[in-house]
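What follows is one structure encoded as structure tokens, with my remarks underneath.
Each chain gets a letter, A, B and so on, in the order its sequence line appears, and its residues count up from 1.
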Amino acid sequence: MKLWEHYHTPTTVDGALALLAQYAGQARVIAGGTDLLVDARAEGGFHPYPALVDITRIPELCAVEEDGDFITVGAGVTHTQIVKSSLLARYATCLVESCGVVGGPQVRNVGTLGGNVAHALPAGDGTTSLVALDAEADIVKDGQPRRVPVQEMFLGPGQSLVDSTRDLLLRFRFHRAADHEATAFKRIMRPQGVALPILGCAVWVRLDENRATFEAARISIAPVGPTPGRAGEVEQALIGQPAADETITRIAELAQSTLHPRTSKYRATADYRREMIGVLVRRTLALAVKRAQTGDIVPEGVGA
Amino acid sequence: MKEEITVSAKKTIVLGQTVQRIDAVGKVTGETPYPGDINLDGQLWMKLRFSDRAHARVLAVDTSRAEALPGVVGVFTARDVPQNEYGLVIKDQPVLIGPGSNSQVADADVARCYADCIAVVVAETEATAAEAARLIEVTYEDLPAVFDPLEAMQADAPQIHANRPGNILCHYKIRKGDMAAGWALADVVVEGEYHTGYQEHAYLQPEAGLGYMDEQGRVTVIVAGQWVHEDQEQICHALNLPEDQVRVIYPAIGGAFGGREDMSVQIVLALAAWKLRRPVKILWSREESILYHHKRHPTVIRAKWGATKDGKIVAAEATVIGDAGPYNYTSTKVMGNANLCVTGPYEIPNIRVDTYAVHTNNLLTGAFRGFGGPQGAFAAEGQMNKLAQALGMDPVEIRVRNVLREGSLLSVGTPLPPGVSIGQVVEQCAEQSYWKRNGDGWQRPPTPQPTDPAIRRGIGFAAGFKNVGFSFGFPEQSWATIELHGDAEIEEVVVRHAGAEVGQGAHTVMAQMAAEATGVSLSKVRLISHDTAETLTSGSASASRMTFMAGNAIRGAAALALERWKNEERPAVATHQYRPPKTTPYDPETGRSEPNFAYGYVAQAVEVEVDVETGHIRLARVVCADDVGRAVNPQLVQGQIEGAVVQAQGYAIMENLVTEEGRILNPYLSTYLIPTVLDVPDEVKSVILEYADPIGPWGARGMGEMPYLPLAGAIAAAVFDATGIWIDGIPLTPDRVVAALRDHGIGVF
């Protein structure tokens with residue numbers, strides 16, 4: 001089945017932008033293709049893409065790098081690369097945990113985090129973690145470089161700020177977890193991924209210097225709305241509270257009573273999801289706190 | 001997965017030995033072609049246009065825009081089908097829906113579900129055919145539709161077939177003993193309403209095939225099915241052609257499980273090749289496969305059983321309602337099995353069962369591993385486990401006190417055929433899993449619990465029995481031809497047998513049985529199969545029948561061929577038709593019958609861990625004891641046990657096909673979740689028992705379905721053991737489990 005007419009593999013960002021300009025809206029960026037080619041196949045091959053511009057051969061987009069207190073993850077970095085990164089395992093644990101349960105090994109080997117975000121999947125596991133990490137995205141939009149909070153990349157389900165026929169997502173950038181800080185990701189799902197989660201939750205916490213009180217927190221749960229978001233009210237309620245089981249239980253109850261997930265007909269009812277918000281926030285928050293308190297970090301649930 | 005086999009093998013040359021599958025190397029290396037891998041010179045591509053309505057009269061089919069598309073070679077509609085109907089048991093479904101066709105089906109212009117096909121498009125490329133199929137304009141007149149079998153049975157419900165009042169396709173009754181007398185003896189009575197869902201076969205290979213005219217001018221179809229001669233018969237009927245002008249060939253078949261029992265692409269491929277005189281290929285996507293072949297029947301089963309305080313069941317009553325979808329397919333057979341299995345492998349003196357197959361505008365439903373047995377067993381084993389609980393009796397002990405014995409009368413008033421082993425099977429399973437027998441009978445020590453309070457461990461038990469063959473009066477038969485080639489010694493044994501190798505290992509087992517019967521080594525046996533031009537009919541590779549039927553046919557042909565060999569005939573050739581003992585259908589009022597000529601018996605113990613907060617059930621371990629009569633190839637038997645357990649695990653826990661007004665909402669394996677390697681049990685322990693069937697070949701029984709039957713009931717019992725809650729609906733999705741647990745205040749932090 002013919003899915004495209006021309007396939008390009010530029011090796012520089014400028015080269016990619018030039019190709020997109022040359023095709024004037026007829027080409028599409030491909031960064032793994034685990035969603036794009038499924039969509040193309042559904043068309044039956046009668047309308048192949050005129051051109052695909054593959055950005056995963058551009059070296060600067062395929063690296064995980066330290067930049068002072070920041071870490072950058074290129075838009076062409078695969079889930080497997082993220083899972084295998086010891087830097088991310090230590091300083092952005094939730095990202096490793098979430099990318100490790102996406103799809104199966106074959107999908108993780110080619111699918112990219114950048115592709116997930118550019119495709120605006122509302123409940124991508126990696127996206128949930130990027131939101132909790134307060135990541136920013138470097139993009140080229142309408143020919144201009146911009147830096148935007150990752151949440152602003154999502155205009156609606158499947159609707160992205162970047163037009164993948166003209167614009168480029170270059171990389172994500174976020175603070176590495178400092179001392180007293182830690183992250184965790186968990187989801188409600190059967191053992192093997194393959195499918196989208198019933199519910200995913202990523203947490204970032206900062207404890208005080210005695211590691212006894214919450215100084216700050218970020219909690220992202222998806223899918224709750226049409227785009228990824230944070231549980232602001234719940235985050236606020238944590239500040240200044242003791243990092244103890246009672247707080248965690250109370251916060252989980254608060255999350256359950258304030259967040260309103262939807263029913264998806266073949267994945268889960270809203271009732272079940274609401275019930276699971278409590279369970280998931282409690283379990284994920286407890287894990288993040290334990291990590292911040294002990295400094296002992298071993299990513300969980302990473303697929304083989 | 002860790003395995004362990006217990007086999008009491010009798011020493012022979014090749015029978016009873018784990019020899020390597022004869023098809024192993026080709027399949028593992030990828031050299032063996034499946035239907036989708038085959039291409040013919042000059043082939044065209046086919047796409048089908050299905051109904052856009054659940055229930056509507058097709059007033060017009062405008063193909064002009066499709067025909068005008070460059071590259072389109074042919075578009076066919078109902079008018080092009082010479083005899084426009086098909087069906088394995090009853091020919092009640094038009095091949096193509098539309099006005100003006102020659103059909104015995106009343107209202108052959110009415111689409112009764114989304115899987116009804118309206119037009120066939122053939123083009124130079126697959127993409128062109130797909131685009132042309134979209135360009136066909138169909139004009140519908142909507143008809144009122146019904147999607148709930150209970151509503152469909154109401155007097156004012158829309159009628160789906162004019163000749164089936166109340167939408168009732170069939171109603172089986174069983175009347176045994178005296179119910180009032182039975183209830184009077186009961187010290188405890190338990191009742192339950194059980195719900196079982198759809199299941200998709202999800203075989204590896206989506207439907208595919210080619211149609212062409214062979215060198216002898218026969219309309220030939222290469223396809224994957226379960227019975228080449230039945231496919232041939234269906235094509236002959238629809239095209240109104242004699243048998244010798246139609247040929248069906250199966251290459252390798254990528255799984256079947258009953259899902260290829262009925263027609264998918266067979267007739268339309270033959271039609272296009274016959275009309276166009278050119279090779280035509282079709283290849284369904286996974287989505288098309290899920291959307292357009294039948295599913296397991298969902299059922300609602302109400303059951304009420306009573307027992308004395310010493311655990312003897314004295315009365316059982318059940319109503320079984322199965323959603324038959326809009327056409328028969330194999331519904332009459334499926335619900336016939338549910339009718340028999342719903343009172344379990346137990347001797348019960350007083351029984352009343354009413355079983356209905358009811359038409360709706362939902363999905364096509366038909367054959368699927370177990371043929372209604374799993375639905376019946378889920379209710380029967382639920383009742384049995386609840387009786388044990390109500391009596392404070394061990395679930396193994398209560399079964400031992402009630403199992404069918406040699407000479408016991410079945411629900412249908414006649415004894416089982418000799419070789420009844422369910423008692424031994426239940427006890428072997430108990431002993432090899434979690435139970436011990438002491439002076440008070442069977443007991444199970446308490447289960448150690450995990451340290452995480454959210455995780456609770458439980459153990460459950462269930463049993464079952466499965467008939468071999470369609471039977472219930474169906475005239476069973478299977479043909480084999482044996483050719484002995486050579487001079488002083490037999491140098492080659494050629495076996496002609498049509499039986500389908502659907503992945504279960506039938507061809508390896510046939511070769512082993514032929515070697516055994518003729519006394520040669522396996523390397524001297526050559527099998528010719530899967531081709532109507534080369535073989536006589538085998539009957540279907542379904543209903544656990546192929547080893548039993550083929551074995552007896554091969555054995556009979558071999559004996560005759562050896563006699564001719566002794567008489568110096570070279571080659572010595574003999575053909576034999578095996579016919580098992582006659583069976584009888586259900587009596588319409590009492591159900592009295594001799595329904596089957598052979599059975600296999602099974603029991604299972606399972607260990608689960610329930611996360612009471614999230615409702616996730618982990619199936620940790622399954623011990624499955626199966627009386628297979630004789631394990632012709634123990635590794636293949638083990639493969640069937642493990643495969644059945646995993647498929648039943650999906651049915652019981654994970655597989656949730658969601659429909660809305662007759663339309664499937666999740667026709668993808670990313671949204672319809674089946675078990676993968678990370679979901680399957682840590683251990684499936686296969687306990688292979690060999691109590692010979694007196695009429696089975698070398699004592700073998702059929703066994704491909706029975707390990708499937710008890711699992712859902714055993715899991716439900718294990719969930720009860722873990723949580724104290726009975727959940728009577730499957731699949732046990734996290735949603736359903738959490739709702740049930742929270743109703744009882746479990747899992748709240």
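A:Lys2 places none of its side-chain heavy atoms less than 4.5 Å from the side chain of B:Thr125. Between B:His616 and A:Ile188, the closest side-chain pair of non-hydrogen atoms falls below 4.5 Å.
The two residues A:Arg267 and B:Thr671 make their nearest non-hydrogen contact at NH2-CG2, 3.6 Å. When all heavy atoms are compared, the tightest approach of B:Pro734 to A:Tyr272 is CB-OH, 3.1 Å.
Of the listed residues (B:Ser285, B:Ala127, B:Ala454), the one with the most heavy-atom contacts under 4.5 Å to chain A is B:Ala127. Top candidate by heavy-atom pairs under 4.5 Å with chain A, chosen from B:Asn666, B:Ile617, B:Ile653, is B:Asn666.
For B:Arg742, the part sitting under 4.5 Å from any heavy atom of chain A is the side chain, from C-beta outward, and nothing else. Looking at B:Glu287, neither its backbone nor its side chain comes within 4.5 Å of chain A, counting heavy atoms on both sides. There is no contact between B:Ile664 and chain A, counting heavy-atom distances below 4.5 Å.
Taking a cutoff of 4.0 Å between a charged side-chain nitrogen and a carboxylate oxygen, A:Arg283 and B:Asp611 qualify as a salt bridge.
Rounding to the nearest 0.5 Å places CD of B:Glu613 at 8.0 Å from CE of A:Met276. Taking CD of A:Glu275 as the reference point, atom CG of B:Asp735 lies at 10.5 Å (rounded to 0.5 Å).
Enclosure of atom CD in A:Glu233 is not indicated, since only 12 or fewer non-hydrogen atoms of other residues, nucleotides or ligands lie within 6.0 angstrom. Around CD of B:Glu661, the count of heavy atoms belonging to other residues, nucleotides or ligands within 6.0 Å does not exceed 12.
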